[in-house]
Amino acid sequence: MNPEDTYCAVQDRYASVASQTSPNPHKAYERKVATAFGYAPEDLLSIPERANLGVSCGNPVAMASIQTGETVVDLGSGGGIDVLLAAKKVGLEGKAIGVDMTTDMIELGRNNATRAGAANVSFVEARITSIPLSSATVDCILSNCVVNLVPETEKPLVFREMFRLLKPSGRVAISDILAKRELPMEIKTDLSLYVGCVAGASQVRDYEKWLRAAGFEDIVIVNTNNDLNIYKELYQGQETQGLGPRGSCCDPTMQGATGQSKATVNVDFNYWTGSFTIFAVKPDKTSA
């Protein structure tokens, strides 16, 4: 797939997610997905409802060991769920910055930050392969089910940007969908499955290779064994109520914005892919 076509499809898809109207008929679904992937109910209640769009595949904030006064950047910030939760941890002495390439998501994130009264939150509209922030100024970088949406040829750029932004001893805490086995061509070439986080899933060995090539050390990549088929099960169980996963990361019925027909619901996401946590550190001996 052409990288620009992929970017356009991803932007169209997530612009439609961001523009869902309120009151939100999918909030029960979105809350269930978030809790299934590690968010505490009390944390979800502490942020605006539309900050959680049901597009997570993990909870990177929970493993990031964020400290008061730190600067935290979230790559692919969406509605702002992780930015807002990080902002609570860094306090007014710190900063939480969301980066997203979709204008509608940036606007939604800013609106949610205003509703939350989060004065230490800001948003930057950019691709995560090239971010207009200064080098060596960030303590921790988060990302939640977003790197897999970057075209494969450009994924190494993401990790180089992470390394550039981090201070020495800075760290990345990522939740992402990775491939557990080689994906067949019928999955790799399905654009609806690509924008749904499946077809673009990298092999674990490649993810580690890109991190090491960027300069990271102490790399840990762990399969959480969370059930990715929760997206399909919820769609099938709630379809008659109009509560299908229009905002889900692995929506098996994505169409419209991508121009694709419905992807088969018979694809077993758990067989081909998994929800992984990734942690790595920029060594303190290396300058930006």
Side-chain angles (χ1 to χ4, degrees), residues 1-11 13-14 55-58 60-61 63-64 71-78 82-83 86 96-102 105-106 109 123-167 170-179 183 188 194-221 249 273 275-283 286 288:
M1 288 182 282
N2 181 285
E4 287 305 313
D5 290 344
T6 301
Y7 279 124
C8 287
V10 171
Q11 280 187 300
R13 171 61 188 163
Y14 289 93
V55 296
S56 302
C57 62
V61 177
M63 64 170 174
T71 295
V72 177
V73 171
D74 179 27
L75 303 187
S77 49
D82 294 321
V83 172
I97 304 168
V99 179
D100 204 289
M101 71 172 181
T102 305
M105 283 295 187
I106 291 291
F123 291 88
V124 175
E125 185 173 345
R127 291 182 180 179
I128 63 174
T129 54
S130 180
I131 303 166
L133 294 173
S134 300
S135 300
T137 57
V138 177
D139 297 287
C140 181
I141 291 177
L142 310 172
S143 188
N144 194 341
C145 215
V146 172
V147 177
N148 63 68
L149 294 172
V150 176
E152 184 172 1
T153 56
E154 300 199 359
K155 282 185 171 73
L157 301 178
V158 178
F159 298 107
R160 291 206 288 269
E161 273 294 87
M162 292 179 182
F163 193 84
R164 180 186 68 81
L165 292 176
L166 286 171
K167 300 173 183 177
R171 62 206 183 276
V172 295
I174 302 171
S175 295
D176 211 354
I177 292 178
L178 303 184
L183 301 178
K188 284 185 176 182
Y194 196 101
V195 300
C197 308
V198 175
S202 304
Q203 298 291 325
V204 174
R205 62 179 180 273
D206 291 330
Y207 220 87
E208 182 174 1
K209 176 185 70 177
W210 294 326
L211 282 164
R212 291 199 184 280
F216 285 101
E217 297 180 352
D218 301 324
I219 301 167
V220 179
I221 301 176
C249 183
T273 58
S275 171
F276 286 74
T277 59
I278 300 96
F279 187 86
V281 177
K282 178 176 180 175
T286 304

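These numbers come from the heavy atoms of this one structure, side chains and all, not from hydrogens, waters or symmetry mates.
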Can you tell me how far the [atom1] atom of [X] sits from the [atom2] atom of [Y], to the nearest 0.5 Å?
X	Y	atom1	atom2	value
Met101	Ser77	CE	OG	11.5 Å
Ile106	Phe123	CD1	CZ	6.5 Å
Asn148	Ile177	CG	CD1	5.5 Å
Leu166	Glu161	CG	CD	10.5 Å
Ile128	Leu165	CD1	CG	11.0 Å

*Pairs in or reaching into residues 127-151: which pass salt bridge (charged side-chain N to carboxylate O under 4.0 Å, His left out), with residues at least two apart or in two chains?*
Glu4-Arg127, Asp139-Lys167

Report yes if the side chains of [X] and [Y] come closer than 4.5 Å at any heavy-atom pair, otherwise no.
X	Y	result
Leu157	Ser130	no
Ile174	Phe279	no
Val147	Ile278	no

For a quick test of reading the model, state the closest non-hydrogen atom pair linking [X] to [Y] and the distance between them.
X	Y	value
Val146	Gly76	CG2-O, 3.6 Å
Cys57	Asn144	N-OD1, 3.2 Å
Arg164	Ser134	NH1-C, 3.8 Å
Leu142	Ala86	CD1-CB, 4.2 Å
Met63	Ala173	CE-C, 3.6 Å
Ile131	Ala126	CA-CB, 4.5 Å

*Residues Lys155 and Glu152 bridged, charged N to O under 4.0 Å*: no

Among all residues two or more places apart in sequence or in another chain, which pass the side chain to side chain donor-acceptor pair (under 3.5 Å) test with [X]?
X	result
Gln203	none
Arg212	Glu208
Asp74	none
Gln11	none

Using a 3.5 Å distance criterion without hydrogens, assess whether the side chain of [X] forms a donor-acceptor pair with backbone atoms of [Y].
X	Y	value
Asp100	Gly78	yes
Ser143	Leu75	yes
Arg171	Ala64	yes

_By ring pair (Phe, Tyr, Trp, His ring centres under 6.0 Å) - contacts of Phe216 (at least two apart)_ = Phe163

